[in-house]
Every structure is written in structure tokens, then in C-alpha cells.
> 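Pasting in a structure now, in C-alpha cells, and then I'll have a few things to ask.
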Amino acid sequence: MAGESVASVEAISLGESGSTMEDAIGRVSGMLLDLGAVEEGYGASMLAREEVISTYLGNGIALPHCTYEDKGLIKRTALVLAQYPAGIPWGDEDDIAYLVFGLAAVGEEHLAVMSHLAEVLDDEDLCDQLAVATDESYVRETLAAPAE
């Protein structure tokens with residue numbers, strides 16, 4: 001189906017109140033698990049990945065995903081989003097994440113997801129709006145929209 005982009009966000013949770021990166025990773029890995037996209041242990045692998053290199057992308061966005069060694073925990077490609085309007089310190093103390101995308105990607109599919117997200121997330125004003133949006137359909141439509 002050409003219409004269903006691999007970059008579409010399957011599950012969105014707005015107004016999360018966690019305060020640590022571990023909280024946020026637990027939330028998005030749990031969302032991926034609930035969707036049947038990953039196996040148990042994926043969250044631990046996401047945390048291990050952060051120890052190697054931060055998945056903070058800038059503009060209030062983090063994109064946690066597993067280590068290369070744990071790709072076997074992924075059943076199918078999926079992208080979820082947990083929004084933290086108050087922000088969460090991510091890695092470096094100067095990095096604050098408001099939008100935490102959990103990614104499970106099979107093979108090279110993460111490249112398509114990353115390039116699509118990069119287009120959306122390149123817009124600082126848009127990221128600011130998404131960080132505090134309370135309308136899930138607005139968030140979903142904004143993230144699904146192809147960049148102009």
C-alpha cells in the first residue's frame with residue numbers, strides 16, 4: 001500500500017507526565033510491545049542504546065530505538081509517540097525532549113522513517129506546537145503530512 005507510509009505513527013499518547021528518560025523509554029517501548037511490534041526486552045535495549053549514543057535529535061525530539069545487536073526483538077516496523085509537555089532531560093542536560101518517538105524498524109525501513117521525520121522536525125515552530133498540542137488528530141495529521 002503506497003498510501004500507508006512506514007512513517008505513520010501508529011499510537012500517540014499526549015500529555016504524559018514522566019520525568020526521566022527511563023520513564024519515557026519505558027512508555028514508548030510498552031506502546032510498541034502492546035502493538036505487537038517488539039518482544040519483551042526491547043525497552044532494555046533502547047536504554048542500552050542511549051548509553052552508547054543519545055537518540056536526541058534536536059528541536060525537542062528524541063527517537064529511541066534498540067541496539068544493532070537486538071534487532072531480533074523486532075517483529076515488524078512501527079513508530080509510536082509519547083508527548084511530554086513539561087519536557088524530559090535527555091542525555092546531555094541541555095537536551096530536553098517533548099516528543100519521544102519509539103521506533104522499531106525491520107531492515108532498512110528506519111531510513112524512510114528517519115527521513116520523513118527529519119522533514120517534519122526540521123520546522124522548529126511546528127515542533128513547538130506539537131510539544132503542547134492536545135488534539136491527537138492534529139498531531140497525527142501533522143506528522144503524516146508530506147513536507148511541502
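Computed from heavy atoms alone, side chains included, the values below leave out hydrogens, waters and symmetry copies. Just so you know, these numbers come straight off a predicted model, no measurement behind them.
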> Quick one: CD1 on I61 to CG on L99, what's the gap to the nearest 0.5 Å?
4.0 Å

> With the side chain counted from C-beta on, respond yes when Q83 and S13 share a heavy-atom pair under 4.5 Å apart, and no when they do not.
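Sidechains of S13 and Q83: no contact.
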
> Mind checking whether H65 and R49 have side chains closer than 4.5 Å, heavy atoms only?
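When only atoms from C-beta onward are counted, R49 and H65 do touch, with a gap below 4.5 Å.
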
> Does K75 come within less than 4.0 Å of E39, counting only side-chain N to carboxylate O?
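Judged by the 4.0 Å cut-off on N to carboxylate O distance, K75 and E39 do not form a salt bridge.
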
> Please tell me if the side chains of Y98 and D128 come closer than 4.5 Å, counting only heavy atoms from C-beta onward.
no

> Does S19 offer a backbone N or O that forms a donor-acceptor pair with the side chain of D23 under 3.5 Å?
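Yes, because the side chain of D23 sits within donor-acceptor range (under 3.5 Å) of the backbone of S19.
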
> Who pairs with E50 by salt bridge (Lys or Arg N to Asp or Glu O under 4.0 Å), at least two apart in sequence or on another chain?
none

> Using only atom types and a distance under 3.5 Å, with no angle test, would you say the side chain of H116 pairs donor to acceptor with the backbone of L143?
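Confirmed, H116 side chain pairs with L143 backbone.
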
> With clusters built from Ile, Leu, Val, Met, Phe, Trp and Tyr whose side-chain heavy atoms come within less than 4.5 Å, directly or transitively, what are the remaining members of the cluster of I88, listed by chain and number?
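Members other than I88 - counting any ILVMFWY side chain reachable under 4.5 Å - are M21, I25, V28, M31, L32, L33, L35, V38, Y42, M46, L47, Y56, L73, I74, V80, Y84, W90, V100, V106.
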
> Between atom CE of M114 and atom CD of E109, what is the distance when rounded to the nearest 0.5 Å?
14.5 Å

> If I compare all heavy atoms of N59 with all of L121, which pair ends up nearest, and what's the gap?
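The pair with the smallest heavy-atom distance is ND2-O, 2.8 Å.
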
> For D70, enumerate each residue passing the side-chain hydrogen bond (donor to acceptor under 3.5 Å, both in side chains) test, keeping only those at least two apart in sequence or located in another chain.
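In terms of side-chain hydrogen bond (donor to acceptor under 3.5 Å, both in side chains), with neighbours along the sequence ignored, D70 is linked to S45, T67.
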
